[in-house]
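These notes are about the structure you will find just below.
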Amino acid sequence: MTRLSVEMLAADATEPITSAGNAQLGIAVLAGIAVIVLLITKFKLHAFLALTIGSLALGAFAGAPLGATLDSFTTGLGKTVASVGVLIALGAILGKLLADSGGADQIVDTILAKAKGRSMPWAMVLIASVIGLPLFFEVGIVLLIPVVLLVAKRGNYSLMRIGIPALAGLSVMHGLIPPHPGPLVAIDALKANLGITLALGLLVAIPTVIIAGPLFSRYAARWVDVHAPENLIPQRPTEDLEKRPGFGVTVATVLLPVVLMLVKALVDIVVDDPENPVQKVTDVIGSPLIALLAAVIVGMFTLGRAAGFGKDRIATTVEKSLAPIAGVLLIVGAGGGFKQTLIDVGVGQMILEFSENWSIPALLLAWLIAVAIRLATGSATVATISAAGLVAPLAEGMSTTETALLVLAIGAGSLFFSHVNDAGFWLVKEYFGMNVGQTIKTWSVMETIISVVGIIFVLLLSLVL
């Protein structure tokens, strides 16, 4: 793995807003992260406020002037929201159209109608992975849990045999594949190519989700034998619809932005000529903003109109999709502010020197940092954002492929061992009717498998690409 020398970075590095030494900066980073962890876990403060206060604490402990710290934080917040906020909003709109139109149910029902017996766990992985592309993790869980519980009950399947593959599919998409917020922010922070990251992310995601999903579910079902809670099998969200969009057109709509971004990445590799007319076209249609915007506009017809929605109903669906993501946007924005503060106080240079002195490969270092923050805060998104800010200097001078793999290493680390400080832990526990010990033996172990297998495949790709 390529490592940069301090001299290579120096030419492009911005002047730190403090002259603190590495020891003081190290203490400042630990103190800033500790403040964030304490506020989130002990005082139950919203992650947006915790990240904001943690950024100010970081600057104070590093000896930076308050005004300079505020400038760094607001600059990072603004840049992050400007680059990522619109994409998150478009993803939320597409996800809401998919759910409300019955398109998600159509995908689920069609696949389940063709899956029987031993193929059912694999069907659940496929369902979760497809639906998980445009949906946030929590939304995906809420959407898929009724299906998991119904399949387990009616087919007399072990709840873990069906549930773990579905959770693995959602979690892998959330941690490794854009347009989810974490990967998008890491791509922006490291100046990675989104199409290349998406393509390599899929290469890592497929074997990872197979190992952590259908294969691990065999053992999880032996370790924890629980049945679907009767009181948690809710009504399907689209049972009141007279018609639903077709399976093929729904899948095509969901995959449209992915296909457009992958086409751009492929043309960039094959043509590699910015003046080529074909590459100029694919650079536009394959950009994340245009790709997601195109999917949203197409989805209004292929999903909304197909379900019988009029203009008012589509407008209402779009409006309702934006309100729930306000908190996500604020967290992502504040995370960008924290990242910029880390960079401006000189922490990136410190990490670079640490990597040089200890000869730690950049990919492994990025993964370890994300793991530490994930264990401390419980948030995969916070772990991704913070780790991306810390290791951003390592991406300077890297090739496009290496930068994409660095993003994936951070994403894999952000999923490591979900436990009691993670909201997802309690969501899974309550929906599946498990106690804390059972949740750790299934959900927490599954997340750890995803993280470890993910970084293994990232490292293997780094050897051959």
Side-chain angles (χ1 to χ4, degrees), residues 23-64 66 69-70 72-74 76-77 80 136-138 141 171 174-175 181-182 185 324-342 345 347 367-390 410 413-431 434-441 443-445 447-448 451:
Q24 183 179 351
L25 283 178
I27 294 172
V29 172
L30 294 176
I33 293 176
V35 168
I36 295 171
V37 172
L38 189 65
L39 291 176
I40 291 175
T41 58
K42 179 69 175 178
F43 296 100
K44 307 301 179 185
L45 202 62
H46 192 276
F48 166 71
L49 294 174
L51 283 164
T52 303
I53 296 171
S55 299
L56 298 177
L58 168 66
F61 283 112
L66 178 60
T69 302
L70 286 172
S72 293
F73 178 78
T74 53
L77 186 150
T80 302
F136 296 130
F137 178 77
E138 291 80 4
I141 283 187
S171 188
H174 174 70
V185 173
I325 66 167
V328 175
L329 287 175
L330 288 173
I331 293 172
V332 168
F338 182 65
K339 174 211 72 176
Q340 191 63 45
T341 306
L342 285 167
V345 298
V347 171
W367 182 79
L368 289 171
I369 291 173
V371 165
I373 300 174
R374 160 68 160 181
L375 289 173
T377 65
S379 171
T381 302
V382 171
T384 301
I385 293 169
S386 302
L390 285 167
I410 292 171
S414 74
L415 299 175
F416 190 88
F417 196 76
S418 164
H419 59 98
V420 294
N421 62 353
D422 179 15
F425 178 93
W426 299 104
L427 196 62
V428 171
K429 172 188 175 298
E430 295 302 320
Y431 267 128
M434 297 185 290
N435 58 39
V436 170
Q438 290 173 327
T439 310
I440 289 175
K441 287 194 290 186
W443 161 254
S444 300
V445 172
E447 288 282 86
T448 304
S451 181

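Source: prediction; values computed, not measured.
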Would you check if the side chain of [X] reaches a backbone N or O of [Y] as a donor-acceptor pair within less than 3.5 Å?
X	Y	value
Ser444	Ser418	yes
Gln340	Gly337	no
Arg374	Ala383	no
Ser72	Thr341	no

So, do [X] and [Y] sit near enough that their side-chain heavy atoms are less than 4.5 Å apart?
X	Y	value
Phe73	Leu56	no
Ile385	Leu51	no
Phe61	Val29	no
Leu39	Leu49	no
His419	Ile440	no
Thr384	Ile373	no
Thr439	Phe425	yes
Ser386	Ile33	no

Output the distance between atom [atom1] ([X]) and atom [atom2] ([Y]), rounded to the nearest 0.5 Å.
X	Y	atom1	atom2	result
Ser55	Leu70	OG	CG	10.0 Å
Leu415	Trp367	CG	CH2	11.0 Å
Thr52	Ile331	OG1	CD1	10.5 Å

If every non-hydrogen atom of [X] is compared with every non-hydrogen atom of [Y], which pair is closest and at what distance?
X	Y	answer
Ala370	Ile410	CB-O, 3.5 Å
Met434	Val428	CE-CG1, 4.0 Å
Ala28	Leu58	O-CD1, 3.4 Å
Val35	Gly54	CG1-CA, 4.1 Å
His174	Ala380	NE2-CB, 4.0 Å
Thr69	Ala64	OG1-CB, 3.7 Å

